[in-house]
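Here's the structure we're looking at; comments come further down.
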There are 2 protein chains.
Amino acid sequence: MGPRRSLIIRKRAPLRAATLADVAKIAGVSPMTASRALNQAHLVATDKAERVRAAAARLAYVPNRIAGGLASQRSRLVIAVVPGTLNPVFADLIHALREELLRSGYQLFLGLSDYDMPAEDELVETTIGHRPDGIVLTGVVHSPQLRFRLAGARIPVVETWDLTPTPIDMLVGFSNEKVGASAAEHLLRRGSRKPALIVADDHRAQARGAGFAAAAAERGIAIAGRVAVRAPTTLGMGRDGLARLLTADPRIDAVFCSSDQLATGVLFEAAARGIRVPERLAVMGFGDLSGSAHTHPSLTTVAVDGARIGREAARLLLERLAAPEAARRSRIVDVGSRVVARESA
Amino acid sequence: MGPRRSLIIRKRAPLRAATLADVAKIAGVSPMTASRALNQAHLVATDKAERVRAAAARLAYVPNRIAGGLASQRSRLVIAVVPGTLNPVFADLIHALREELLRSGYQLFLGLSDYDMPAEDELVETTIGHRPDGIVLTGVVHSPQLRFRLAGARIPVVETWDLTPTPIDMLVGFSNEKVGASAAEHLLRRGSRKPALIVADDHRAQARGAGFAAAAAERGIAIAGRVAVRAPTTLGMGRDGLARLLTADPRIDAVFCSSDQLATGVLFEAAARGIRVPERLAVMGFGDLSGSAHTHPSLTTVAVDGARIGREAARLLLERLAAPEAARRSRIVDVGSRVVARESA
DNA sequence: CCGGTCGATGGTAGCGCTACCAAAAGACCA
DNA sequence: TGGTCTTTTGGTAGCGCTACCATCGACCGG
């Protein structure tokens, strides 16, 4: 037994939060019964369960999930790792993921990674350290060291928002190359002969840019201008990007941006310069943000069903959690993407 | 001792993640020494520390922070609760908070709350359950039950993004009423006589709207139109909002929106209708989002230094963590807000 | 009226790690 | 060389909770 804190001091201001033992003592039952009353009430006589609940309420008792998780080896917690500055593109994914997990009694926490690798490594380490029942990653993991750690942790992992033939475990995503390719297709079919790119410097945006260039080249069209910007992207970068593209070559007739934020900026810059969109300049983005349908002109973009990714990720995770043994075959889901043709292209 | 798993099976595919005991055994030291080698390397002979590190790397060992936290009663973790759908207004706050905490060796996790109360209660319960070293709340807590729980948990709490005379513990925020009031002041000084409002239905947005109306009334000006929208706000709601305001009263001469997203939507709707901004219609928003300086016309808005809130919140938390005893006086920091006058008003 | 069964309850033994203390091994001095 | 001080190491005892098993009446049919 450790030292008992003086009852006099404890009276008004307990130094430590209440524990299950405190609750049990007040309710006049054993800790075991108190635990059951709170978690599996049907196994306990109703009057005792009631007394336990009352005692818990009186003490402002909140179960220590750290201890519970350690004892039961299940945390009922899923941690999602999302890049950087709360990028709204992921909003639907996270929202749907959270919804589905909640429905099955799992909580979701988010870890924010920077766009740079070392910090991401550290974050994933911490994430594993908390031994969640599942991990959802936004983006696939490239660092071999991290993949090793993640695989060694024996925690179900879902990578999202990208496709790769070799996921660590499970994968729900789409091809960023195809996003770029279908944008190129759309723009060229509408008659563009001098398309330009504004692309952020993260992996996935780069892949979209590469996909665009490849598809254009296949049709004998060269990229007429290219601006690289730093992730995360902003509207201002889009404005500035168009300005720079026009300085380099005023005859470009279309711009594909790696995000809708950039594209919206391009729209504003075009408006400020009196450049008619889409007649003189076609503009496309990626992400189909909540606002993109309501810009003026409304933005043509490549949409991904983020909510579906979230739902599928949750489904894979929950299935695995329900039947861990059935899980050796790795699962890959491609949700695809589609061009949403609106006014700007 | 529990049952030992067959060595034959363990060989290639360990069923459980490696533990500190595994590492210690391989390195040929006691678990205690292994623990020190990993956490306080200076207390251990260099050769042994090296052996431990090598063993850890070989086993893809990631320390179980759940167990460590339980044993040491410190998790080196802060959990921030943010409302709903990754609203970019909070991006700066979260980013700065994370940065500061990281600098001191604390990790940050995010819990997403819905805009509705019951779900928020549950989330805060879970959050407390994980016994973080600190909790940062975006918005003040109103539910008395939750306040009781939070106070009982003996975890340092920082409420943010709002002011109240009675915080649970610490508070860093600004007055949403004043935000509205200074917007009103700005608009009226510029000559508006028929200002209108587009305001979301969450607490804080409501407070901004109320502040606006009160300040206008004080100057003898009545609100000429008012549209309520559901949080979280989007550009589309802004467009739609202006349309509805104009239908009700075409002579309104200014619009104050409870967010920059809404205001940007208003800008687009005005552009689509050929309404000149700010000559015919002045537009103001709130939040000074990263894009707001680059709309066309650029958006006049009320800015809050989100990064400063994050930094102050981190500072308060870290001070408390460093000297828990010195903490009985509760601390309140008001970071204020300011009008950023650009082209739209 | 007794063995068998079942639901309710309690006791025990950890989960994986670290705080704390004791012991051992060097380092150093007279 | 013996003693003192300082490192370095290991053992023990939990952190707060739950899995698991033992126990104990109550209740059943025979």
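Labels below follow one simple rule: chain letters A, B, ... track the order of the sequence lines, proteins then strands, and each chain is numbered from 1. Everything quoted here is computed from the prediction, not taken from an experiment.
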| query | Between dC17(C) atom C1' and Leu70(A) atom CG, what is the distance in whole Å? | reply | 8 Å
| request: Starting from P on dC17(C), measure out to CG on Asn39(B) and report it in whole angstrom. | output: 10 Å
| field | Residue-phosphate contact under 4.0 Å: Asn64(A) side-chain N/O, dC15(D) OP1/OP2 | value | no
| task | Send over the distance from His130(B) NE2 to dC15(D) C1', rounded to a whole Å. | result | 17 Å
| Does Tyr61(A) make a side-chain N or O approach to OP1 or OP2 of dC17(D) shorter than 4.0 Å? | yes
| said: For the backbone of Val78(A) and the side chain of Asp133(A), can you confirm whether one donor and one acceptor N or O come within less than 3.5 Å of each other? | reply: no
| said: Do Ser75(A) and His130(A) make a side-chain contact, defined as non-hydrogen atoms from C-beta onward lying under 4.5 Å apart? | reply: no
| request: Would you mind reading off the distance between Arg74(B) atom CZ and dA19(C) atom P, rounded to a whole angstrom? | output: 7 Å
| said: Using whole Å, what does the distance between atom C1' of nucleotide dG16(C) and atom CD1 of Ile66(A) come to? | reply: 12 Å
| query | Is Ser35(A) near enough to dT18(D) that one of its side-chain N or O atoms lies under 4.0 angstrom from OP1 or OP2? | reply | yes
| query | In whole angstrom, what separates Arg131(B)'s CZ from dC15(D)'s C1'? | reply | 12 Å
| task | Could you tell me whether the side chain of Ile168(A) reaches within less than 4.5 Å of the side chain of Phe148(A), counting heavy atoms only? | result | no
| query | For the pair made of CZ in Arg76(B) and P in dC17(C), what is the distance, rounded to whole Å? | reply | 18 Å
| Pro83(B) versus Thr138(B): any side-chain heavy-atom pair under 4.5 Å? | yes
| message | At less than 4.0 Å, is any side-chain N or O atom of Gln73(A) found next to OP1 or OP2 of dA19(D)? Yes or no. | response | no
| field | First encountered from the 5' end of DNA chain C, between Ala71(A) and Gln40(B) | value | Ala71(A)
| said: By the definition side chain to side chain contact (heavy atoms under 4.5 Å, CB included), identify the one residue from Leu110(A), Thr127(A), Leu112(A) that meets it with Phe109(B). | reply: Thr127(A)
| Arg149(B)/Glu125(B) salt bridge by N-O under 4.0 Å criterion | yes
Could you go through nucleotides 8-10 of chain C and list every protein N or O atom that sits under 3.5 Å from one of its N or O atoms, giving the distance for each pair?
unit_1  : atom_1 : unit_2   : atom_2 : d
dT9(C)  : OP1    : Lys48(A) : NZ     : 2.9
dT9(C)  : OP2    : Ala45(A) : N      : 2.9
dG10(C) : OP2    : Ser30(A) : N      : 3.1
dG10(C) : OP2    : Ser30(A) : OG     : 3.0
dG10(C) : OP2    : Thr33(A) : OG1    : 2.4
dG10(C) : N7     : Arg36(A) : NH2    : 2.9

| task | May I ask you to test the His95(B)-Glu99(B) pair for a side-chain heavy-atom distance under 4.5 Å? | result | yes
